[in-house]
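The next block holds one structure in the form of structure tokens; read it before the comments.
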Amino acid sequence: MVFKIAVVGLGKIATDQHLPCIAKNRNFKLVAGVSRHAKVDQVPCFESLGQLRASKIAVDCVALCTPPAVRLAMAREALDYGWHLLIEKPPTPTVGELLAMEAYARKKKRVLYAAWHSRYNKSVDMAKAKLKGHHVNFLKVAWKEDVRKWHPGQEWIWQPGGFGVFDPGINALSIVTKILPEPIFADSATIEVPANAATPIAANIRFKRGDGAAADLSAAFDWRQETGETWEIEIGTKDGMTLHLKKGGSVLFVNGKIAHEAVLHEYEDIYAKFARLLKAKNSDVDASPLQLVSDCFMLGKPVLTEKFV
Ligand code: NAP
């Protein structure tokens with residue numbers, strides 16, 4: 001079966017990944033684009049989901065690549081039209097909205113796939129397998145990059161629901177929540193917010209284990225690093241194993257020795273999985289990375305920093 005798909009929110013990630021991966025996947029046929037300003041070649045384009053619906057073009061599913069703050073209303077509208085959904089990360093600005101979206105998809109008997117792209121990586125899968133059954137007592141996440149390089153001109157990231165530095169940071173937490181054998185919890189955080197923004201430019205977080213056992217668990221997110229990217233996760237276990245995921249989780253070192261270097265095909269894997277979910281009529285929604293981010297904001301101490309210009 002070939003699923004007729006429309007891509008909604010024709011910005012950076014739609015152009016960089018969704019459209020090329022749809023073109024490569026024989027399970028999907030792009031039938032339309034939906035965006036207020038941008039267009040995609042070779043298919044009809046509309047400014048809203050309502051206009052797409054009114055066109056009577058047959059659609060099975062849509063990929064929502066808009067910013068998270070506007071997703072719930074768009075998701076509900078698409079579900080009302082009977083379309084299945086793939087949504088970008090972070091799925092929604094709050095856990096409450098994600099639960100509501102999940103419930104609405106269930107009510108409408110449609111597939112909802114909330115994708116976490118950083119999880120689709122063989123090195124990440126290997127790390128998860130290595131950690132199974134071990135007691136993790138050390139975690140150090142460093143997720144640092146230059147916001148001007150990775151989010152040029154994007155205003156929404158600084159507005160409420162835009163996540164700020166937690167937009168990339170949640171990628172790290174999506175890996176952490178996938179691979180750790182037991183959940184961790186936010187303990188405290190310092191969240192630096194520019195005086196002219198609603199969302200953070202940096203954050204330092206302490207986590208804790210659920211059983212109260214001593215552990216050194218932390219994450220540092222920073223959008224002010226202008227000298228390349230640091231996307232790393234170090235993990236230590238009580239019995240002395242060390243894991244080090246580098247380059248966004250694509251390279252894995254175990255006990256100091258390289259164990260795997262993955263070729264990245266995150267979005268190819270996401271579309272392969274979306275096809276499987278559609279065929280099986282199953283949804284896939286994991287709120288745990290969003291819950292952790294939400295808890296960091298709940299417990300975090302906000303600190304005003306200089307204006308971002
Ligand atoms: P983007 O370049 O700003 O694109 C988002 C598009 O959504 C905009 O171009 C805009 O197109 C549309 N849109 C609809 N309503 C909007 C609103 N109220 N405010 C702003 N834009 C609106 O953003 P992006 O980088 O592609 O990110 C989109 C989502 O993908 C985010 O959740 C992000 O975390 C995720 N993501 C991004 C990357 C990346 O490398 N950038 C990687 C992985 C995941 P129109 O103006 O034409 O409607």
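In listed order, ligands and their atoms are each counted from 1.
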**Check ion pair Arg71-Glu97 (N to O, under 4.0 angstrom)** = no

**Fill in**
The complete set of salt bridge (charged side-chain N to carboxylate O under 4.0 Å, His left out) pairs with one or both residues in residues 186-210, sequence neighbours excluded, reads Glu182-Arg209, Glu192-Arg224, Arg206-Asp216, Arg209-Asp211

List the atom pairs, with distances to 0.1 Å, where a side-chain N or O of residues 156-181 and a protein N or O form a donor-acceptor pair under 3.5 Å, not counting sequence neighbours.
unit_1 : atom_1 : unit_2 : atom_2 : d
Asn171 : OD1    : Lys89  : NZ     : 3.4
Ser174 : OG     : Asn171 : O      : 2.7
Thr177 : OG1    : Arg119 : NH2    : 3.0
Thr177 : OG1    : Leu173 : O      : 2.7
Thr177 : OG1    : Ser174 : O      : 3.2
Lys178 : NZ     : Arg119 : O      : 3.0
Lys178 : NZ     : Asp125 : OD1    : 2.7

**Asked** Exactly which residues line ligand 1, taking a heavy atom under 4.0 Å from it as the test?
**Response** Gly9, Gly11, Lys12, Ile13, Ser35, Arg36, His37, Ala38, Cys65, Thr66, Pro67, Pro68, Val70, Arg71, Glu88, Lys89, Pro90, His117, Gln154, Trp156, Asp167, Tyr267

**Request:** Go through the steps for Glu268 and His265 under the test side-chain hydrogen bond (donor to acceptor under 3.5 Å, both in side chains), then give the verdict.
**Result:** CA-CA 5 Å; Glu268 287 85 347; His265 34 69; 5.4 Å; no

**Any residue meeting side-chain contact (heavy atoms from CB on, under 4.5 Å) with Ser35, in chain and number order, not counting sequence neighbours** = Leu10, Ala38

**Fill in**
With Thr230 as partner, the option from Lys144, Gln225, Lys247, Lys246 fulfilling side chain to side chain donor-acceptor pair (under 3.5 Å) is Gln225

